[in-house]
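Here the structure comes first, spelled out in structure tokens, and everything after it is commentary.
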Amino acid sequence: MLDIEKIKQEAKDALAKIASNEEAQELFRKYLGKNGEVARAFALLKDMAVEERQTVGREVNELKKEIEALLAEKKELLKKELKRLETMGDEIDITRPGIKPVMGHLHPLTLVQRQVAEIFQSMGFEIAQGPEMETEWYNFDALNMPKDHPVREMQDTFWLKGESKMLMRTQTSAVQVHYMEKHTPPLRIIAPGRIFRNEAIDATHECQFYQVEGLMVDKNICAANFKAIIEEFLEKFFQTDVDIRLRPSFFPFTEPSFEIDAKRKGGKWLELMGAGMVNQNVFEAASYPRDKYRGFAFGVGLDRLAMIKYGINEIRLFYQNDLRFLKQF
Amino acid sequence: MKYSYNWLKDYISGTIPDPKKLAEALMGRSFEIDSLEKKTGDWVLDIKVLSNRAADCLSHMGIAREIAVILQRKMKLPPAPGLPKSANKRAREIKVKIESLRDCPRYTALVIKGVKAGPSPRWLKSRLEVCGLQSINNIVDITNYVMLETGQPLHAFDADKLGTDIIVRRARKGELIRTLDKEKTNIVLDENVLVIADSGKPVAIAGIKGGAETGIDESTKNIIVEAANFNPVLIRRASQKIKIRTDASWRFENGLDLHLIDLAQARAAYLIKRIATGGAESFIDVSSALPEPRRIRLGFSYLDGLLGAKISSVLAVKILKSLGCRIIESSKRGVLVQAPSQRLDLKTSEDLIEEIGRVWGYEKLPKTFPEVILTVPQINKNWIIENKAKDALASLGFSEAYNYTFIGEKDKEIFSYRDSDLLEIANPVSELNKFLRPSLAPCLLKNTKENLKNSSEIKMFEIGKVFVNRKERLHLGIIAAGKKRTSDLFFEVKGTLEATMNELGVNDFSFVGALSPVNTALLERLGIKANVILGEIDFQDILTSANERKKYQPVSAYPASLRDVAVLTPETAKAIEVLEVIKDAGGKLLVEAELFDIYSGPGLPQGKKNLAFHLVYQSSEKTLSAEEVNNVHRKIFEAIEGAGWEVRK
């Protein structure tokens, strides 16, 4: 017996339950396929009387159309739902930590050298470099520190065996005369680099340091220019207001010479660098005529700047290369 | 040097600020204060006198002069009555002979008779103690007191233990002297050391230390007080040679005013008479010509110009006068001054500008940006390339190390360096700093060892100076270590370097030594239990070959055709050989050939491996037909087979 109503009801119930395209496809086969319920109903028609065949035939046709419409509607719905799921990311646990590509880290002294270089370059200073293994002339004599001058003793020097008068430079000031020999003022340079002191290493002593030398030479450079430029640099470097004070000091290669202390907003005075107006003897060593030019020079310890900036409490950490340290920069 | 606050007060008229305020004032105008401490009713100021001011400021009178200038006060000078005339007949009982006036420009001997040697009065003891000196006896204490007061070192001999001759001469090689200290050390001398001798043997090491034989004791009746001036370089070298540094040698090394002797001897005579009852009998003075006072010219416009401040000429002159400078000539434009004799550091107009500037006060110095011609700084190409390489390496997962420039004896052994490989330090203080590193490898390996304690995978690099063939070179070192297979580590490092060099525009680079696994024996010696790949490049070569220039190559407008090819080769065949054969045969239309898989193992004949390549065919002129692509592809097949390998179809 053909119960069209029952088929219709069953199809409707089944449709309500399906949740995927695959199930919709199966339902299609079950009702509208070659051997589906609708096809079988049509097959029953041929054994019926003409009148009955017409009535039932119309009903089966309607059943077919209805199921087709319902299925189409359901498929549309499924499509929308799938899209929603995809865009909502409902199937991904977005709270899981991301997959980080492993990045390496630059050494804090590289970072500090770059910051210093960037600030001075923005003020028109050029980066100059010089050798770490230096002659006695560039490191001492040319800087107005002749042989047997007691100030040479202030800097414990690594001398090289078998290389007469060769040493490991004790100051980046050694770059000054190298550069001036090849350039005529006006000039302004900074020279970052490694320097050496012949000391046994312990908690407070190191045998190598980083320094940046600054030199500006022209016809009318004055100490007030230095004060302005160095304060500008320190404020840019520490990204805060900085007070500076100049105290009398002595370096053979500058006259007058200063010691520079700086104080960040709310902080304490910190001794930061030595500086001064270039001694005419240094110009003479660079073959400039005496009294034609004036200039200022300064030398800042980069290790110290890095320690202040990053709150590093021990200088030895810079050369231990512990990845747990390096990864923090 | 340590200074007594009470003592300083003696030389200044009127009251002076409390010790803390005084220290602050000195700090801003003169010298750094290392410490300020209370001590038995007094204060100790430890003042870091700059080396150019040692001549005039390693003394209480010197610092008092600074204070008087800063506070604009008058100095109170201590009593110093005249000395007996050298021409005194009795002077002949002592003969002073100086062998070289270059070594000793002035030598004076003050003969004092009838002294009572004994303990010092309390005030004298306590002043010395505040300054860190121990009381010995009244005579020695007075010589030390006068040194701390004036800056001139003195030495007292027991006149009865000394012959009639005082000779200032170089020591003879092998001569001995027993020094005047608790240890009574025997010092071996040579011709680099200046001595004071009697007709027979040395009685003192000039400017450094007295001898034990002629020292003062309780029985001493007659004394000779020596005040002399010695060549600073000579004293410095001698003191380094015999490894004795004293309060006296420290002062002589820095140079002293020849005139200072007169004041010091007068003070000694005065104090000995007061405290030890002795009377000055004669004063012998042998000297080269005393130096002419130094005259220095200062232009006021240079003063303002060098400091960048306007300081009135009246004020400038007032400051110079307060410092003891005599004005010889004066005009609107400048002055000619005569520097006080004790200020050996004043020589040039810049020296005077410094004096005026610091006394005036650097805090008043304005901040003025320089007026310059606007120029763009020259690009430092080396700096840029080095930093670009660092950025590339860090972005590829490698962290940057900064190691010591030095290696020690132990490293030399472990890494089997020969003496000829290394530059040696002539005067290392530490065993760890004996040689300059010839390579970045030793330290990177040590870093790796340490880091493996906390981390299972190490990737590091360093760009730094090394010293090869006695020359300074810039190297790049790179290291990867961990549990990964050595071959994987190798290709990671190789790929990282290739990517980095690509970034620098370097097409070709080679290694110092080789990029290779570190040999097991070395790893064992170092105690590293991991696979390690280490490579080192001469980065100086990279600096010259790096090329920042980039030029756009138009992209083909026609579609590309992608094909793969799998090649069966013996295990020993090199990937690059196969790739070259493919590229040769592919010609212009083959725009890319990339190795994407290497396989050997089950499914392949023994001793063979499969190399799989992606090939991209493309023309910049037209769309390639299937036939055209097939033609080239076939040619590649033929070339592969021609080379003796097999194309897997």
Side-chain angles (χ1 to χ4, degrees), chain A residues 102-107 109-110 114 121 124-127 129 131-133 148 150-151 154 158-163 186 194 196 198-201 207-208 216 218 220-225 227-229 231 245-250 255-256 258 277 279-280 294 318-319 321-324 326-327, chain B residues 27-30 50-52 233 236 253-254 305-309 350-351 353-354 357-358 362-363 365-370 372-373 375 377-378 380 382-383 387 390 393-405 423-427 429-430 433 447 450-451 454-455 459 465 467 472:
Chain A
V102 178
M103 294 249 328
H105 298 264
L106 292 176
H107 196 281
L109 289 173
T110 291
R114 284 185 185 183
Q121 279 179 305
F125 284 72
E126 183 186 328
I127 298 170
Q129 286 164 314
E132 289 176 5
M133 184 168 72
D148 286 312
V151 286
M154 282 156 54
F158 284 110
W159 294 90
L160 288 165
K161 208 179 220 175
E163 298 280 329
R194 189 177 276 202
F196 306 89
N198 195 359
E199 288 195 37
I201 306 163
C207 65
Q208 66 186 33
M216 180 168 189
D218 203 342
N220 284 306
I221 296 300
C222 61
N225 295 155
K227 207 174 175 183
I229 284 195
E231 190 181 89
R245 76 178 176 202
L246 273 58
R247 286 185 289 110
S249 190
F250 170 65
E255 188 73 36
F258 317 110
M277 303 307 292
N279 193 306
Q280 290 296 331
R294 297 173 198 169
F318 287 126
Y319 307 111
N321 300 307
D322 188 327
L323 284 168
R324 293 169 299 176
L326 295 172
K327 274 177 183 160
Chain B
M27 188 107 165
R29 298 283 190 268
S30 306
L50 296 163
S51 68
N52 63 329
V233 174
R236 184 160 155 258
E253 274 176 30
N254 285 293
L306 194 65
L307 291 177
E350 290 85 6
D351 294 329
I353 292 172
E354 174 165 67
R358 71 180 178 93
Y362 290 139
E363 72 280 359
L365 197 65
K367 282 169 258 179
T368 320
F369 278 99
V372 293
I373 297 161
T375 51
Q378 280 283 314
N380 185 321
N382 291 354
W383 168 269
N387 276 295
K390 288 181 177 181
L393 289 162
S395 70
L396 293 166
F398 287 74
S399 287
E400 188 186 12
Y402 271 46
N403 278 300
Y404 288 106
T405 297
L423 265 172
E424 193 174 344
I425 296 296
N427 58 335
V429 179
S430 156
N433 299 340
N447 298 154
E450 289 307 310
N451 278 311
N454 307 302
S455 173
K459 286 177 168 184
K465 294 286 180 70
F467 299 81
E472 180 173 335

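In what follows, chains are A, B, ... by sequence order, proteins preceding strands, each numbered from 1.
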Exercise for the section: Give a yes or no on whether the backbone of B/Asn387 and the side-chain of A/Arg114 come within a donor-acceptor separation of less than 3.5 Å. Expected result: yes
Practice task
Considering only heavy atoms and a distance below 4.5 Å, find which of B/Asn382, B/Asn254, B/Val233, B/Leu307 pairs most often with chain A.
Solution key: B/Leu307
Handout entry: Contacts of B/Lys367 that satisfy salt bridge (charged side-chain N to carboxylate O under 4.0 Å, His left out) - sequence neighbours left out
Key = A/Glu231
Fill in the blank from the handout: Ranked by heavy-atom pairs below 4.5 Å to chain A, first place among B/Asn52, B/Asn447, B/Ile353 goes to B/Asn52
Handout entry: Heavy-atom check, side chain of B/Ile425 versus side chain of A/Lys161, under 4.5 Å
Key = no
Handout entry: Residue part contacting chain B, namely of A/Met277, when any heavy atom lies under 4.5 Å
Key = side chain
Problem - Side chain B/Asn454, main chain A/Arg324, donor-acceptor under 3.5 Å - result: no
Practice task
Select one option (side chain, backbone, both, neither) describing which atoms of B/Phe398 are under 4.5 Å from chain A's heavy atoms.
Solution key: backbone
Exercise for the section: Specify which of A/Asp322, A/Asn198, A/Val102, A/Ile229 makes the most heavy-atom pairs with chain B at under 4.5 Å. Expected result: A/Asn198
Completion exercise
The interface call for A/Leu246 against chain B, heavy-atom contacts under 4.5 Å, is both
Exercise for the section: Select, from B/Asn451, B/Leu50, B/Val372, B/Leu396, the one with the greatest count of heavy-atom pairs under 4.5 Å involving chain A. Expected result: B/Asn451
Exercise for the section: Output yes when a side-chain donor or acceptor of B/Glu472 lies under 3.5 Å from a complementary backbone atom of A/Glu132, and no otherwise. Expected result: yes
Practice task
With the side chain counted from C-beta on, respond yes when A/Asp218 and B/Pro370 share a heavy-atom pair under 4.5 Å apart, and no when they do not.
Solution key: no
Practice task
Can you see which heavy atom on B/Pro377 is nearest to which on A/Gln121, and at what distance?
Solution key: CG-O, 3.7 Å
Exercise for the section: Using atom types as modelled and distance alone, determine if a side-chain donor or acceptor of A/Lys227 lies under 3.5 Å from a backbone N or O of B/Tyr362. Expected result: yes
Exercise for the section: Identify which part of A/Phe158 has an atom lying under 4.5 Å from any heavy atom of chain B, answering side chain, backbone, both or neither. Expected result: both
Handout entry: For chain A, the option from B/Ser430, B/Ser455, B/Gly305, B/Ala309 that forms the most heavy-atom pairs under 4.5 Å
Key = B/Gly305
Exercise for the section: Rounded to the nearest 0.5 Å, what's the gap from CD on B/Glu354 to OG on A/Ser249? Could you check? Expected result: 8.5 Å
Completion exercise
Here the pair of heavy atoms bringing B/Ser399 nearest to A/Leu323 is CB-CD2, 3.7 Å
Exercise for the section: Below 4.5 Å from any heavy atom of chain B, which atoms of A/Arg294 appear? Answer side chain, backbone, both or neither. Expected result: side chain
Exercise for the section: Report yes or no: does B/Glu400 contribute a side-chain atom to a donor-acceptor pair with the main-chain N or O of A/His107 at less than 3.5 Å? Expected result: yes
Problem - A/Gln280 side chain near B/Glu350 side chain, heavy-atom distance below 4.5 Å - result: yes
Fill in the blank from the handout: Note: vs chain A, highest number of non-hydrogen pairs under 4.5 angstrom among B/Gly397, B/Ser395, B/Gly308 is B/Gly397
Handout entry: Student check: side-chain heavy atoms of A/Cys222 and B/Leu306 closer than 4.5 Å
Key = no
Handout entry: Contacting moiety of A/Phe125, where chain B heavy atoms sit under 4.5 Å
Key = backbone
Handout entry: Distance-only donor-acceptor check, side chains A/Asn321 and B/Asn403, under 3.5 Å
Key = yes
Problem - Top contributor to chain A interface from B/Glu450, B/Glu363, B/Lys459, B/Arg29 [non-hydrogen pairs under 4.5 Å] - result: B/Arg29
Practice task
Measure from the side-chain N and O atoms of A/Gln208 to the backbone N and O of B/Thr405, and report whether any donor-acceptor pair falls under 3.5 Å.
Solution key: yes
Problem - Under 3.5 Å side-chain donor-acceptor pair for A/Thr110 and B/Lys390 - result: yes
